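Beneath this line is the structure, given in structure tokens, with notes to follow.
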Amino acid sequence: YPPGRLEVPNLKLRDDQRGDPQMRKAVIKWGLEGRKEPTGLALEHKANVKRREDLLRQIGEVKKGLERPEDEKLVQECEAVERSLNKMGDALVAGAPERDVVCSTEVI
């Protein structure tokens, strides 16, 4: 086999003779035969992870700072509201009409 992109860095999938001809036709049909620019998703993911870590650190610092009685009361009120919203969500799901769906498994 020829060495592919190790020898030809700009080699496109449509030109790679090592590939199956049907596969090469399919990637050309779907526009996947060329080289694509990097999406940046890996860098974006790293940035999101860092932001999340920063937020978690800040939340921890805020919790440490809740030393006044009114702060603790506010936290308790927020937790009570969250519990109420969870109950409301559970009630909405429980009260939703059931779909007329039949599932079955058939072994042939």
Side-chain angles (χ1 to χ4, degrees):
Y1 291 110
R5 288 186 45 215
L6 291 174
E7 185 173 315
V8 184
N10 293 325
L11 182 67
K12 294 180 172 57
L13 192 54
R14 69 170 172 245
D15 302 324
D16 191 343
Q17 297 300 316
R18 298 172 300 163
D20 176 73
Q22 296 292 37
M23 183 265 315
R24 289 176 39 218
K25 285 180 187 176
V27 296
I28 290 169
K29 178 181 176 181
W30 293 101
L32 302 172
E33 75 277 9
R35 301 271 308 170
K36 304 294 181 197
E37 292 298 319
T39 62
L41 290 177
L43 293 174
E44 186 177 321
H45 175 70
K46 287 180 183 177
N48 286 335
V49 168
K50 176 149 178 29
R51 272 182 268 176
R52 180 178 181 274
E53 290 170 352
D54 291 345
L55 284 172
L56 289 174
R57 188 177 63 256
Q58 290 172 6
I59 289 169
E61 290 170 5
V62 167
K63 284 183 177 180
K64 288 180 197 171
L66 295 177
E67 297 174 1
R68 301 177 305 183
E70 58 269 19
D71 291 337
E72 186 59 37
K73 183 179 178 193
L74 179 62
V75 169
Q76 290 172 355
E77 289 173 359
C78 289
E79 289 172 343
V81 168
E82 185 177 10
R83 284 191 298 273
S84 297
L85 290 172
N86 286 338
K87 287 180 185 177
M88 184 174 70
D90 292 343
L92 287 171
V93 170
E98 290 194 27
R99 298 276 185 184
D100 189 21
V101 176
V102 176
C103 296
S104 66
T105 302
E106 184 176 336
V107 179
I108 299 175

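All values below were derived from every heavy atom in this structure, side-chain atoms included, with hydrogens, water molecules and symmetry-related copies excluded. Residue indices begin at 1 and follow the sequence shown. Only a predicted model underlies this, so the values are computations on that prediction, with no experimental measurement involved.
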**Q.** Partners meeting salt bridge (charged side-chain N to carboxylate O under 4.0 Å, His left out) with Asp54 (sequence neighbours left out)
**A.** Lys50, Arg57
Q: Kindly check if the number of other-residue, nucleotide or ligand heavy atoms within 6.0 Å of CD (Glu82) is above 12?
A: no
**Q.** Euclidean distance, Arg18 CZ relative to Met23 CE, rounded to 0.5 Å
**A.** 9.5 Å
**Q.** Closest heavy-atom pair and its distance - Asp16, Arg24
**A.**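 Minimum heavy-atom separation between Asp16 and Arg24: O-CD, 3.2 Å.
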